[in-house]
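Step one of this worksheet: look at the structure below.
Chain identifiers are assigned alphabetically (A, B, ...) following the order of the sequence lines, protein sequences preceding nucleic acid strands; residue numbering begins at 1 within each chain.
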Amino acid sequence: MKNRELSEIFEKIGDILEFKGDSSFRVNAYRKAARVLQDLTEDIEIIHQEGRLRSIPGVGEGIAKKIAEYLETGKMTKYEEVRKDIPDDLIRLLGIPGMGPKTTALVYKKLGIENIEDLEKAVQEGRLRDLPGLGAKKEENILRGIKLLREAGKRIPLGVALPLVERVVADLQERAQVNQIYPAGSLRRRKETVGDIDILTTGTDGGRIIEAFTSSPGVRDVLARGETKGSIIAEGGIQVDLRVVPQNSYGSALQYFTGSKAHNIHLREIAKSRGMKISEYGIFRGEERLGGEREEDIYSILGLSYIPPELREDRGEIEAAQEGKIPQLVEGEQIKGDLHVHSRWSDGTATIRELALRAREMDYEYIAICDHSQSLKFAGGVSLEDMAKKLEEIERVNREVEGVRTLSGTEVDIKTDGSLDYPDELLERLDLVVAAVHTGFKQPEELITRRIVAALENPNVDIIAHPTGRLISSREGYSLDLGEVFSVAAETGTALEINAYYDRLDLSDVNCRRAQEQGVKLSIGTDAHHIDQLWMMKLGVAVARRGWVGPAQLLNTWPLERLLAWLKTRGG
DNA sequence: GCCGTTTTCGGCCCGACTGTTTTCAGTCG
C-alpha cells in the first residue's frame, strides 16, 4: 500500500513550491491531494489498476499522471525536479512558528541560511534585522519559535488530554459564572492525538472567567490573560486556550473552532457558491445575519444534515450530509460490555471479582477476562494448570456477582510460526478467544500476514486484538497486508479489535472505516490492566465514530444473549 | 493543479494579529 508514501511526497512538493513562491493555489492543490491520499480507505494501487485515479476528489489530470508514474517506476519526475537545488533542512525551517515561506526564502537568499542552527546563530548576531521587512521584534519572535519547536511541537494522546480537559471544565463550572462551556478543536473531534486545547464558553463577565481560568490549579504558566481569551500551559506541557464568546455567536464559534480546517474550508466554499458567508461570528447573506447562536444552524442553513464532530475531516462527510446520508454512529450508551481486560492471573492488578463488580457499576451486561497465554512469560502468561483454577474462579464470580456476566476468555499469543499458544481443546472450552501478535515484530510483511490469517481461519478465534501492533507514542505497527486481513476476516466472520487503550487505538479510525466497508465485524476492548482503565472504552467508541462505525457490526452493542448465540456458532 | 445547477477559463475560505509600515505583507489557526 503506497498511499502514505505518495501522500508524503505531495506534501513535500507543496512545501517546496510554497517556499519557491509558486502559486498558492497550486501549493494547496498538492496539499489537498496529500491529505486525501492519507485518508483514503482504498489501496491506491488497486484504484490505479482499475483506472479510477481521477475519481478521487482533488486528483486531476496532472496529479493522476504523477501517481501513475510513481506506482509504475518508483520515481516521480516532478518531485526530483523541485527538490533538486533545495537542501532538505531548509524546508524544515517552515516548521518554526513565525517562519513562513517568504521569510525563509529571504534569509536563504540574502544570508545563505540553510538550517535551524544557521538561523539561530544569525538571530543571535542580530543579522536578520537589517533585511527588508524584518526588525528586532521579528528576531525575538523567531528565537521564541525555535525554542517552541524544540521543546513542544509534540502532540499528546487523546487519552491524556481528555481527563485533563474534564478537570478544567469542571473547575470552571464551579468557580466562575459560565453559561455554556465546551471543548472544541481536535479534542472535540476526538482525534487520536491533540496539539493544543481550545475551550469555548459564554458568560457576562469575560475578565472574571479568564481570571478564574488562569488561576486554576494545575496551571504551570500563563501566556495571555485578556477579556475574551486566556492562554495557559498546563501540567504536562500542553497549551490550553479559553475563549469567551458572545451568546449569539456561540454556535458559529464552536463550529469554527472545532474544525477541521479542511472541513471548514469545504463548508465555506459551499456557502460562497450560494451567496453566503461563514465565519466564527455567524452565517451571513450580504449584511443579513442568518444564524450563529446554535451550531446546527450553520449546517441546516446550508441544506446539510448535522455532522457529528468526529466526522469533520473532509473525508466525504459533507457530500454525505448533502444527500442526507450521514450514518448512524455508535453511541457510548449502546456499549454493553468490555471484550478484553486483564486480571491478576496474568499482568493485571485487579481480581476477577473486582472487575465484575466495576462492570456492573458501569451498567455493562458482560465483561471478558482475557489474560495472556502460557508462553508470554514477561506478561505473566497463564499456565495450563492455572487456567483450570481460573475457570473455577470465573464460575464462582458468576454465581456470586449477579447482574453481569463474566466471560471466560484469553488473549492467546499468535506465535512466530503462526500457531496459537494454547491447544484447541482448551480454546474450545472458553467463552471467547482473542488472539494477538506479541512477538516477531520484525518479520517480513508476508510472514506476519500469514500468521494473522492463520489465526483468523482458526474457528476457535473470535477476535484479533490490536491488529497492527502500533503504539501511538513509540512504535509503528509491524508490516502487514491489512487488505488481506480484512478480506479474510470478512470471510471467516472473525472480528477485528479496536483496542481502546489510550496508546494503541488500533485499529485506527481510517482502518475501522475500511474494515466496516468490507463487511468485517469489529469489537472494542480496553485492554485494561487496572480497574481504573476501564473508562478508556470511550476512547474506543471515539475511534469507532471517527471510522463511521455504527452499531450493526460492532459486537459490544449486542445484548448478552445475542453475543452468546454468536459465540456458539463459532468454535471456542 | 483542480474544478464546474452561472463557468472548459478564471476563479480558488475567512478573519485576526503582528510588525513594519504610511496602506500592507506575512503568518497563523
- prompt: For A:Lys138 and B:dT27, what is the distance between atoms NZ and P respectively, to the nearest whole Å?
  reply: 6 Å
message: Any side-chain N or O of A:Arg26 below 4.0 angstrom from OP1/OP2 of B:dG1?
response: yes
- prompt: Between A:Thr41 and A:Arg513, does any side-chain donor sit less than 3.5 Å from a side-chain acceptor?
  reply: no
Out of B:dC13, B:dT18, B:dG15, whichever nucleotide has its closest atom nearest the side chain of A:Asn141: B:dT18
message: Within the 4.0 Å heavy-atom criterion, would you say A:Tyr281 contacts the bases, only the backbone, or no part of the nucleic acid?
response: sugar-phosphate
task: Verify the contact: side-chain N or O of A:Thr103 to OP1 or OP2 of B:dT27, cut-off strictly under 4.0 Å; return yes or no.
output: yes
query: Expressed as a whole number of Å, how far does the P atom of B:dT18 sit from that of B:dC12?
result: 28 Å
- prompt: When you measure from the side chain of A:Lys137, which nucleotide among B:dC14, B:dC12, B:dG19 comes out closest?
  reply: B:dG19
- prompt: Which part of the nucleic acid, if any, lies within reach of A:Pro101 when heavy atoms closer than 4.0 Å are counted: base, sugar-phosphate only, or nothing?
  reply: sugar-phosphate
- request: Look at all strands and tell whether A:Leu267 reaches a base, only sugar-phosphate, or nothing, counting heavy atoms closer than 4.0 Å.
  value: nothing
- request: Give A:Ala105 one of three labels, base, sugar-phosphate or nothing, depending on what nucleic acid heavy atoms sit under 4.0 Å from its own.
  value: nothing
- prompt: Rounded to the nearest Å, what distance is computed from the CG atom of residue A:Leu128 to the P atom of nucleotide B:dG19?
  reply: 15 Å
query: Paired with B:dT8 by Watson-Crick or G-U wobble geometry, both distances under 3.5 Å: which nucleotide is it?
result: none
query: How is A:Leu94 classified with respect to the nucleic acid when contacts are heavy atoms under 4.0 Å: base, sugar-phosphate, or nothing?
result: nothing
- line: All heavy atoms of A:Leu522 vs all of A:Ala515, minimum pair found to be CD2-CB, 4.2 Å
query: Hey, does A:Ile265 reach any base, or is it just sugar-phosphate, or nothing, if we go heavy atoms under 4.0 Å?
result: base
